[in-house]
Amino acid sequence: MTLEQAKKKLSAVGQEHLLRYWDELDEEQRSYLLEQIEELDTDLLQLVQDESGETPRGKLEPLGALTIDEIQKNRHRYESVGIQTLKERRVGAVLLAGGQGTRLGLDKPKGMLNVGVERELYLFGQLIQNMLHVVDKTGKWIPLFIMTSEKNHKDTVDFFEEKGYFGYERKYVYFFVQKMAPSVGYDGKIFMEEKYKISSSPNGNGGWFISLEKAGLLDKISEMGVEWLNVFSVDNVLQKIADPVFVGAVIENGCVCGSKVVAKADPNERVGVLCLEDGKPSIVEYYEMTDEMIHSRDEEGKLLYNYGVILNYLFNVEVLTRIMNQNLPNHIVEKKIPYINDNAEYVKPEEPNGYKFETLVLDMIHMMDNCLSFEVIRDREFAPIKNATGVDSLESARELMKKNGIEF
């Protein structure tokens, strides 16, 4: 992109201020700024001008689950199908690891958090250990795709190198960088982080597939014959990855997608709930639910909106590829965004001062024709580390690790 092309693109959307410091930049900085401007999705700016930027929800209805008891009855059959599929290397895993551990007091990738007490045990290492259990059972390495961000890519790759990939075969590990989206003020003006750098942030957990494709890894997936991708988050230390029973259940039930869920601990638990929206699978966030939805029960007294998602999904690659060109909706989220002011001084706000744009996995679920809701035992598979203390913290995760016999 040339300077003239950049000026034309920015003037069309009222963002000419991004070139304010052009004359002060060296050649390398100018080149970097032009690259960012070329990558800018200016359509996102329209969301700020809309009242909420959100698409109204359709008709929401409860969705049950394949319960723990039902899974147990068919466990042998599901596991046999899953193991065979894994032996044929038709399943890959995608680790969403683009975030930093800031809320946990760690200025590094969240996966570098040491969850150990008596020994070093990092989140990344425990997740790899969880995968190795399946590798041992099937005798086959599972292709692992790790999504980083611009902010933590080098730290993540260097850490895996330093730790010898935690015993995983490195030729089956692929890193890719998540796409970024600009950060804007309440007035719709894009913030600058430095004189040559636009303020941006990862484009949400729904951006993993398009980022994978942009990195050229979709060709690698096709070449390897991978038909299913198990997507999971970095912060759940008990996460079971490429679980043969889960894989087999999704396939045996003729579904193109599956989601692991847990029964809610109480009606007001702050988790997204798997449901139906206009007859298709969807996820309703806890803050979107009405009191009636939260407390509705069936004849047996069981919550109708009972199954919370834990960010562990299985997607059919062919279906994902087919819908990839259908744009995922973007959500605007209020955030505290550091920026440089009119005097080029760096400002770190203490209150929200603008918006970030995110795509969400829950919208990918809604693009599927069906989704198997697969219930798991909470204490065995759900120990998220999101907070420094209290609920879903390192402390609570360690208690569950101890309960599951993990030495730390």
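In what follows, residues are counted from 1 in the order of the sequence shown.
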Set of residues satisfying side-chain hydrogen bond (donor to acceptor under 3.5 Å, both in side chains) with respect to Lys264, sequence neighbours excluded: none

Short side-chain donor-acceptor distance under 3.5 Å, Asn130 and Gln126: yes

Gly111 to Val234 - nearest heavy-atom pair and separation: CA-CG2, 3.8 Å

Which atom of Val48 lies closest to which atom of Gly185, heavy atoms considered: CG1-O, 4.4 Å

Under 3.5 Å: donor-acceptor pair, side chain of Ser396, backbone of Ser393: yes

Reported CG-to-CG distance for the pair Leu238 and Asn236, which is rounded to 0.5 angstrom: 6.0 Å

From CG (Leu394) to OG1 (Thr389), nearest 0.5 Å: 10.5 Å

Over 12 foreign heavy atoms within 6.0 Å of NZ, Lys335: no

Parallel, tilted or perpendicular, as decided by the 30° and 60° cut-offs, for the rings of Phe159 and Phe124: tilted

Side-chain heavy-atom pair Glu277, Arg57 within 4.5 angstrom cut-off: yes

Side chain Asn230, main chain Tyr313, donor-acceptor under 3.5 Å: yes

Salt bridge (Lys or Arg N to Asp or Glu O under 4.0 Å) contacts touching residues 216-238 (sequence neighbours left out): Arg90-Glu227, Lys110-Asp235, Lys220-Glu223, Asp235-Lys386

Chi angles and distances behind the side-chain contact (heavy atoms from CB on, under 4.5 Å) call for Gln84, Val81: CA-CA 5 Å; Gln84 186 58 37; Val81 171; 6.0 Å; no

Non-neighbouring partners of Glu285 that pass side-chain hydrogen bond (donor to acceptor under 3.5 Å, both in side chains), sequence neighbours left out: none

Residue pairs involving residues 91-107 (criterion side-chain hydrogen bond (donor to acceptor under 3.5 Å, both in side chains); sequence neighbours excluded): Arg103-Asn387

Donor-acceptor pair, side chain of Asn341 and main chain of Glu345, under 3.5 angstrom: yes

Heavy atoms from other residues, nucleotides or ligands near CD of Glu161 exceed 12 (cutoff 6.0 Å): yes

Sidechain N-carboxylate O distance under 4.0 Å for Arg398, Glu395: no

Check: Asp392 side chain, Ile385 main-chain N or O, donor-acceptor pair, under 3.5 Å: no

Point-to-point distance, once rounded to the nearest 0.5 Å, from CG of Asn312 to OG of Ser233: 7.5 Å

Pairs involving residues 362-408, ordered by first then second residue, that meet ring-ring contact (aromatic ring centres under 6.0 Å, His included) (sequence neighbours left out): Phe246-Phe374

Rounded distance (nearest 0.5 Å) linking atom CD of Glu269 with atom CG of Leu303: 10.5 Å

N/O donor-acceptor pair under 3.5 Å between Lys356 side chain and Ser201 backbone: no

Gap separating the OH atom of Tyr355 from the CD1 atom of Ile337, nearest 0.5 angstrom: 10.0 Å

Student check: side-chain heavy atoms of Leu95 and Leu144 closer than 4.5 Å: yes

Neighbour count above 12 (heavy atom, 6.0 Å) for Glu162 CD: yes

Pairs where residues 241-251 contributes a residue and the test salt bridge (Lys or Arg N to Asp or Glu O under 4.0 Å) is met, not counting sequence neighbours: Asp243-Lys260

Residue pairs involving residues 197-217 (criterion ring-ring contact (aromatic ring centres under 6.0 Å, His included); sequence neighbours excluded): Trp208-Phe315

Heavy-atom side-chain contact between Leu132 and Trp141 under 4.5 Å: yes

Heavy atoms of other groups near Glu318 CD, more than 12 under 6.0 Å: no

Distance-minimising heavy-atom pair for Pro352 and Lys336: N-CG, 3.4 Å

Ile406 vs Leu121 side-chain heavy atoms within contact, under 4.5 Å: yes

His17 backbone acceptor or donor facing Lys189 side chain under 3.5 Å: no

Pairs touching residues 119-140 that satisfy salt bridge (Lys or Arg N to Asp or Glu O under 4.0 Å), sequence neighbours left out: Glu79-Lys137, Glu120-Lys163

Under 3.5 Å donor-acceptor, Gln129 side chain and Gly167 backbone: no

N/O donor-acceptor pair under 3.5 Å between Asn152 side chain and Lys108 backbone: no

Any Leu212 side-chain heavy atom under 4.5 Å of Leu229 side chain: yes

Note, Val135 side chain near Leu86 side chain (heavy atom, < 4.5 Å): no

Exercise: identify the closest heavy-atom pair between Val13 and Lys9: CG2-O, 3.6 Å

Rounded distance [0.5 Å steps], CG in Leu304 versus CE in Met293: 10.0 Å

Student check: side-chain heavy atoms of Lys280 and Asp369 closer than 4.5 Å: yes

Backbone of Met147 reached by a side-chain donor or acceptor of Gln178 within 3.5 Å: no

Aromatic ring pairing Phe166/Phe160, orientation class (parallel under 30°, perpendicular over 60°, tilted between): perpendicular

Residue pairs, two or more places apart or on separate chains, that pass salt bridge (Lys or Arg N to Asp or Glu O under 4.0 Å) and touch residues 191-205: Glu24-Lys195, Lys151-Glu193, Glu193-Lys197

ring-ring contact (aromatic ring centres under 6.0 Å, His included) pairs, two or more places apart, involving residues 89-109: none

Set of side-chain hydrogen bond (donor to acceptor under 3.5 Å, both in side chains) partners for Tyr286, sequence neighbours left out: Arg270

Whether Arg30 side chain and Trp22 backbone form a donor-acceptor pair below 3.5 Å: yes

Closest non-hydrogen atom pair, Gly204 against Glu358: CA-CB, 4.0 Å

Minimum side-chain heavy-atom gap Ile283-Leu360 below 4.5 Å: no

Over 12 foreign heavy atoms within 6.0 Å of CZ, Arg380: no

Side chain to side chain contact (heavy atoms under 4.5 Å, CB included) partners of Lys302, counting only residues at least two apart: Thr67, Asp298, Asn306, Tyr307

Exercise: identify the closest heavy-atom pair between Asn203 and Gly207: OD1-CA, 3.7 Å

Glu39 atom CD, neighbour heavy-atom count above 12 within 6.0 Å: no

